[in-house]
Amino acid sequence: MTNTESSRFRAYSLALEHLKNNTTITDSVPAFKEVYLSAAEVMDNISDADKTRLVKKQTGSAGKYQFQDELAKKALIISSAVVTYAARKNNLELQQSMSFNRTELDYATDADMASRAANILATAQQLNGELKNYGISDAMLNDFAERLTVYRHQSAKPRNQTAERKVAGQATREQLRQLQHIFDDQLDSLMLQFRDEHPDFYNSYLVKRTVVNPARRKTRIEGVVTDTTGAGISDVQIKIKDSLLATISMTDGGYSLKTAALTNALLEYSKEGYKPVSIKVEVKRGQALNQPVTMQKL
């Protein structure tokens, strides 16, 4: 499931658990149990479909997890050194942008893992030799860059059982739509009769039923770097001028740069063999600014 789908699934799960724990209230409405059981059955189907998708993913890409684990370990070491450096320099912006924990790296999607590793690498390279005092040598950065390249290629390879995973994913999405209809058209309506007589029960249901996706509130700049033919350009250095915030574009030209809110900031794109590009940007707190760019060859 995607992050949004997982958030929806969790919200529905919490709402159904709330109803299950309050049958002394809901049993007063005979139709309620039937609707509840229908929703619970769909929930089970979603769980089974998603488990199937995960099994197909794991059996089809076992090697990828080894590459991700190795890359995550190196990423954490380097980002931690940058955080320490930033703390000593009182650079709160840099400190926050490089603060990753192991869970964020271990369980990131392919795109997120590659993007975060690229951010860490580009930022460390911006610091030149200043990280040597923090245990980060040129050899370590070169090794990290090589591991990132290997991870990108491994993630881009066609995997076995892709078709089966897609079928399982489609089944999950269809079941989620079915579950949404049950909530929207039946459970929500039945719950209205408890609003006045059992306000705590009703309000708690509404809270648990609400989908919250914190990831959407992250402030960042993202986009795709392409050449004049529309093809993606990889390994483009992308940085905010007069800042240590930087990243590198992926194989398809895509990039994502975590940042704080910005006003009249200059975003710079550079790669050997291409004309550098500078774009003035403004990013509001919680905004994901989409900033595509085209670069011309020299």
Side-chain angles (χ1 to χ4, degrees), residues 63-156 218-222 225 233-260 262 265-274 276:
K64 195 264 306 189
Y65 294 107
Q66 179 181 351
F67 286 110
Q68 179 159 343
D69 181 65
E70 294 173 351
L71 187 64
K73 289 177 181 177
K74 297 291 183 180
L76 192 60
I77 291 171
I78 296 172
S79 64
S80 296
V82 176
V83 168
T84 304
Y85 166 85
R88 296 194 65 184
K89 297 292 184 179
N90 294 319
N91 190 332
L92 182 60
E93 183 182 48
L94 177 61
Q95 188 176 348
Q96 291 178 339
S97 71
M98 287 290 103
S99 293
F100 297 102
N101 59 49
R102 188 61 192 271
T103 300
E104 284 182 292
L105 298 173
D106 279 344
Y107 296 99
T109 62
D110 290 348
D112 284 346
M113 182 66 228
S115 175
R116 288 166 185 168
N119 288 357
I120 294 167
L121 177 61
T123 301
Q125 289 173 335
Q126 287 289 319
L127 292 171
N128 297 318
E130 292 193 61
L131 290 182
K132 289 181 179 178
N133 291 334
Y134 299 84
I136 307 301
S137 64
D138 290 339
M140 288 179 66
L141 291 180
N142 290 336
D143 177 66
F144 185 57
E146 291 175 3
R147 289 178 185 275
L148 176 56
T149 300
V150 171
Y151 180 77
R152 284 176 176 174
H153 289 314
Q154 180 69 16
S155 299
K218 290 183 178 177
T219 308
R220 65 188 185 277
I221 304 172
E222 58 190 12
V225 186
I233 308 175
S234 64
D235 298 316
V236 175
Q237 189 89 4
I238 304 157
K239 63 168 292 188
I240 297 171
K241 187 176 181 180
D242 298 326
S243 154
L244 289 172
L245 301 181
T247 190
I248 302 171
S249 62
M250 302 293 101
T251 306
D252 61 356
Y255 71 92
S256 179
L257 179 60
K258 181 181 174 184
T259 180
L262 300 171
L266 205 60
L267 196 60
E268 299 178 330
Y269 302 79
S270 61
K271 180 177 180 178
E272 187 176 353
Y274 289 84

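Being a predicted model, the structure only gives us computed values, none of them experimental. Basis for what follows: all heavy atoms, side chains included, without hydrogens, waters or symmetry-related copies.
- A donor-acceptor pair is defined here as one N or O able to donate and one able to accept, closer than 3.5 Å; no such pair exists between the side chain of Ser115 and the backbone of Ala111.
- Considering every non-hydrogen atom in both Arg152 and Ser249, the closest pair reads NH2-O, 3.1 Å.
- Residues Ile248 and Gln125 have side chains in contact (heavy-atom distance under 4.5 Å, counting atoms from C-beta outward).
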Kindly indicate, with the supporting measurements, whether the criterion side-chain contact (heavy atoms from CB on, under 4.5 Å) is fulfilled by Asn90 and Gln95. CA-CA 8 Å; Asn90 294 319; Gln95 188 176 348; over 6 Å; no
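- Thr247 places no side-chain N or O within donor-acceptor distance of the main-chain N or O of Leu257, the cut-off being under 3.5 Å.
- For the residue pair Ala81 and Leu131, the shortest heavy atom distance occurs at O-CD2, 4.2 Å.
- Residues Tyr134 and Leu127 are not in side-chain contact: their nearest non-hydrogen atoms beyond the backbone lie 4.5 Å or more apart.
- To the nearest 0.5 Å, the span separating CE on Met140 from NZ on Lys132 amounts to 12.5 Å.
- Distance CD/Glu130 to NZ/Lys89: 5.5 Å, rounded to 0.5 Å.
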Residue pair Val236, Tyr255: steps toward the side-chain contact (heavy atoms from CB on, under 4.5 Å) verdict: CA-CA 9 Å; Val236 175; Tyr255 71 92; over 6 Å; no
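- Taking OG1 of Thr123 as the start and NZ of Lys258 as the end, the distance is 11.5 Å to the nearest 0.5 Å.
- Distance check: Leu148 CG to Arg116 CZ gives 14.0 Å after rounding to the nearest 0.5 Å.
- Proximity of Ile120 to Val82: side-chain heavy atoms (C-beta onward) are nowhere separated by under 4.5 Å.
- Nearest heavy-atom pair, Ser256 versus Arg220, reported as atom, atom and distance to 0.1 Å: OG-CD, 3.7 Å.
- Put simply, CD1 on Ile78 and NZ on Lys73 are 14.5 Å apart, with the number rounded to the nearest 0.5 Å.
- The CG atom of Leu94 lies 6.5 Å from the CG atom of Leu245; values are rounded to the nearest 0.5 Å.
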Under the criterion side-chain contact (heavy atoms from CB on, under 4.5 Å), I'd like the reasoning laid out for Leu262 against Leu267: C-alpha separation, chi angles, the key distance, then a yes or no. CA-CA 11 Å; Leu262 300 171; Leu267 196 60; over 6 Å; no
Report the C-alpha separation of Val150 and Glu70 in whole Å, then their side-chain angles, then the decisive distance to 0.1 Å, and conclude whether the side-chain contact (heavy atoms from CB on, under 4.5 Å) test is met. CA-CA 11 Å; Val150 171; Glu70 294 173 351; over 6 Å; no
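- Between Ala114 and Tyr151, the closest heavy-atom pair is N-CE2, 4.1 Å.
- At distances below 3.5 Å, not a single donor-acceptor pair connects side-chain atoms of Ser234 with backbone N or O atoms of Gly253.
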